[in-house]
> 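Mind having a look at this structure? Questions to follow.
Chain identifiers are assigned alphabetically (A, B, ...) following the order of the sequence lines, protein sequences preceding nucleic acid strands; residue numbering begins at 1 within each chain.
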There are 2 protein chains.
Amino acid sequence: MSDDLTEMLAPEERPEEKKDVTDLLLHDILTGTLPAGTWLKQIDLERRYDCTRPEVRRALDRLSQRRLVQHNPNRGYQVYELDDQRTREISDIRVILETGVADRMIANVTPAAIAELRGLARQFDEMSFRGSIMEHYDANLAFHRALLLLAGNSELVDVVAEIRQRTVSAPVSQWRTRARIEQSAREHHLMVDALEARDLAELKRLIEIHIRQAPIRA
Amino acid sequence: MSDDLTEMLAPEERPEEKKDVTDLLLHDILTGTLPAGTWLKQIDLERRYDCTRPEVRRALDRLSQRRLVQHNPNRGYQVYELDDQRTREISDIRVILETGVADRMIANVTPAAIAELRGLARQFDEMSFRGSIMEHYDANLAFHRALLLLAGNSELVDVVAEIRQRTVSAPVSQWRTRARIEQSAREHHLMVDALEARDLAELKRLIEIHIRQAPIRA
DNA sequence: TTATCATAAATTGGTGCCAATTCTGGTTAC
DNA sequence: GTAACCAGAATTGGCACCAATTTATGATAA
């Protein structure tokens, strides 16, 4: 647990420019590097991310506020174990929110936006072949972020990002099955198609199955 | 800013049993005791809530994560100034979420639930006459919480509570106009009526105008 | 009189240390 | 052989101090 992980960072992170410890820890949890149930000992994290004790404590406190890690007083923090019910509930919320603004996406869509989304969808495709798991993860996030931005509600983008982060654990492992990834990639393109055709019902349908079938974050 | 405020605490809080500082500060912001823009100096909060420096820092960090206070590095924290656009966006999100689960509320409603909601609505009414502003505030929260619980998605209850907290500031002042409060109280009862009659369209309509017309938290 | 600069006060934020609690391993009693 | 218990180690969490940055104040010069 205390081995050096800095090489696993995404290429765009220079080692010298220190990122926020909270983000580093968050990414390690999201990518499954630190699996559910893992005890997060302060001294280990301190060494692992080459940071100070207070920084570790702040990161742990923040993530426990977001219910990503569980805090056992006087015992420590551990990566939260996610139960199925919560996963389902969170998916439901995402479905309601994202299908709820589908009409606005269609209303605000422009040729430029279509082009951008197609580019992001293609980027996701590419990451399926080559690219680290984290790049893949980020590519997915970028696509969905751009899609949501079309709704014209920047607060919503934040809220969904936050909700999505609640459903960590059992994470990218599921992801790795080739079939699932390719299915997700196809759905990305289909969503852009529906958007371009201004087909509201189809877009809603796609969003729902896209969220539901890959329960975690597809 | 450094005067003692402990007497202003709600009656149910005993002075000796210390509550979490984060909650105390949160309530003072929500009730408008600390208006938007106020600088939250650590030493003042320390004295005001009779707590230690690290506790103050943790509270400030948590609230800045929730975007209730703004953090200016090396300068301090201040209560967040809310702009109109964000307020509108947050209302939109609430409308989407709460109308999005209206059908489930109706599906899950029971006579017992109706009775409970009526009781909570009446409690809100009563608080309009007598009762502190904070009791009033809490009564409103309790009603909406119970309503949302009907949807059968406990995660949603948390999410909405969190979102609602984002739109602090310009807070209970608006509230105080008698007309607005009485209108809200009426709508509470109307919502229970619609629920009892299982009238989905009407319930959705009520939820939307209820959220929109009292933009902050009605 | 006003603008600018230097100095001083105050506030934030980081570092290190220490107490309190919990966990581990070994020992003893039954 | 098993269970309970006790001592030692390790970890968490709070506390006090100190450095760095910023703001306020006052003096000096134009």
Side-chain angles (χ1 to χ4, degrees), chain A residues 1-6 14-26 28-29 33-81, chain B residues 1-6 14-26 28-29 33-81:
Chain A
M1 167 131 30
S2 46
D3 46 352
D4 196 328
L5 261 260
T6 44
R14 298 293 181 288
E16 59 269 21
E17 49 178 87
K18 296 205 173 188
K19 269 194 71 176
D20 182 29
V21 187
T22 310
D23 289 336
L24 296 175
L25 181 54
L26 175 65
D28 281 346
I29 294 175
T33 310
L34 298 169
T38 308
W39 285 97
L40 301 170
K41 287 195 283 194
Q42 297 183 5
I43 193 157
D44 286 338
L45 300 179
E46 201 173 334
R47 294 192 191 122
R48 176 172 189 158
Y49 301 117
D50 187 33
C51 61
T52 66
R53 183 62 63 98
E55 282 178 300
V56 170
R57 288 186 194 173
R58 185 169 40 204
L60 288 172
D61 184 66
R62 286 177 178 176
L63 295 183
S64 70
Q65 289 291 305
R66 295 204 211 166
R67 300 177 55 182
L68 276 160
V69 305
Q70 189 174 6
H71 177 46
N72 314 55
N74 284 320
R75 297 191 51 216
Y77 296 80
Q78 56 182 336
V79 181
Y80 208 85
E81 302 262 10
Chain B
M1 168 138 18
S2 46
D3 45 354
D4 197 329
L5 259 262
T6 44
R14 297 293 180 290
E16 59 268 22
E17 50 179 82
K18 296 204 174 190
K19 269 194 72 177
D20 183 26
V21 186
T22 310
D23 290 335
L24 296 176
L25 181 54
L26 175 65
D28 281 346
I29 294 175
T33 311
L34 298 170
T38 307
W39 285 98
L40 302 170
K41 287 195 283 196
Q42 297 183 3
I43 193 156
D44 285 338
L45 301 178
E46 202 173 332
R47 294 192 191 122
R48 175 171 191 159
Y49 301 117
D50 186 35
C51 60
T52 65
R53 184 63 63 97
E55 283 177 299
V56 169
R57 287 186 195 172
R58 185 169 42 202
L60 288 172
D61 184 67
R62 285 178 178 174
L63 294 183
S64 70
Q65 288 293 303
R66 296 203 210 166
R67 300 179 53 182
L68 276 161
V69 305
Q70 188 174 6
H71 177 47
N72 313 54
N74 285 319
R75 298 194 47 216
Y77 297 80
Q78 56 181 334
V79 182
Y80 209 85
E81 302 263 11

> What are the two closest heavy atoms between B/Ala59 and B/Leu25, and how far apart are they?
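For B/Ala59 and B/Leu25, the tightest heavy-atom pair comes out as CB-CD2, 4.4 Å.
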
> I want to check one thing: is the phosphate of D/dT12, taken as OP1 and OP2, less than 4.0 Å away from some side-chain N or O of A/His71?
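For A/His71, the contact criterion (side-chain N or O under 4.0 Å from OP1 or OP2 of D/dT12) is not met.
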
> Could you tell me which non-hydrogen atom of B/His71 sits nearest to which non-hydrogen atom of B/Ser64, and how far apart they are?
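Closest pair (atom of B/His71, atom of B/Ser64, distance): CB-CB, 4.4 Å.
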
> Can you tell me how far P of D/dC15 sits from CD of B/Glu55, to the nearest Å?
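After rounding, the gap between these two atoms is 7 Å.
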
> Evaluate the criterion side chain to side chain contact (heavy atoms under 4.5 Å, CB included) for residue pair A/Arg57 and A/Asp61; output intermediate values, then yes/no.
CA-CA 6 Å; A/Arg57 288 186 194 173; A/Asp61 184 66; over 6 Å; no

> Taking atom P of D/dC17 as reference, at what distance in whole Å does atom CD of B/Glu46 sit?
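My rounded result for the distance is 13 Å.
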
> Atom CZ of A/Arg58 to atom C1' of D/dT12: distance rounded to whole Å?
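Value for this atom pair: 18 Å.
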
> Calculate, to the nearest 0.5 Å, the distance between atoms CG and CG belonging to B/Leu68 and B/Leu34 respectively.
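Answer for the CG-CG pair, B/Leu68 versus B/Leu34, is 11.5 Å.
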
> Between D/dT21, C/dT15, D/dG13, which nucleotide has the shortest distance from any of its atoms to the side chain of B/Asn74?
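Within the option list, the nearest is D/dT21.
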
> When the C1' atoms of the five terminal pairs at each end define the local axes, what inter-axis angle does the helix from C/dT1-D/dA30 to C/dC30-D/dG1 show, to 10 degrees?
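The two end axes of the helix from C/dT1-D/dA30 to C/dC30-D/dG1 meet at 10°.
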
> How many angstroms lie between atom OG1 of A/Thr22 and atom CD of A/Glu55, to the nearest 0.5 angstrom?
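Here the interatomic distance stands at 8.5 Å.
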
> So, under a plain 3.5 Å distance rule, would you say the side chain of A/Arg53 forms a donor-acceptor pair with the base of C/dG16?
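A donor-acceptor contact between them is absent.
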
> Tell me: CD1 of A/Ile43 to P of D/dA9, nearest whole Å?
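The answer, rounded to whole Å, is 16 Å.
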
> Apply side chain to side chain contact (heavy atoms under 4.5 Å, CB included) to the pair B/Asn72 and B/Trp39, showing each step before the final yes or no.
CA-CA 10 Å; B/Asn72 313 54; B/Trp39 285 98; 4.2 Å; yes

> Distance check needed: C/dG13 P versus B/Asp61 CG, whole Å only.
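Computing the B/Asp61:CG to C/dG13:P distance gives 10 Å.
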
> If I take atom CG from residue A/Leu26 and atom CZ from residue A/Arg62, how far apart are they, to the nearest 0.5 angstrom?
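The CG atom of A/Leu26 sits 11.5 Å away from the CZ atom of A/Arg62.
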
> Assign each of A/Arg57 and B/Tyr77 to its nearest nucleotide of DNA chain C by heavy atoms, then name whichever residue's nucleotide is nearer the 5' end.
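Per heavy-atom nearest nucleotide, the more 5' residue is B/Tyr77.
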
> Within this structure, what is the CZ-to-P distance between A/Arg75 and D/dG13, rounded to whole angstrom?
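About 11 Å, once rounded to whole Å.
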
> Starting from C1' on D/dT21, measure out to CD on B/Gln42 and report it in whole angstrom.
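Those two atoms, CD and C1', are 14 Å apart.
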
> Could you tell me whether the phosphate oxygens of D/dC15, OP1 or OP2, come under 4.0 Å of any side-chain nitrogen or oxygen in B/Thr52?
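For D/dC15, OP1/OP2 do have a side-chain N/O of B/Thr52 under 4.0 Å.
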
> Please state how far atom CH2 in B/Trp39 lies from atom P in D/dT22, giving the value in whole angstrom units.
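Rounded to the whole Å, the gap is 12 Å.
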
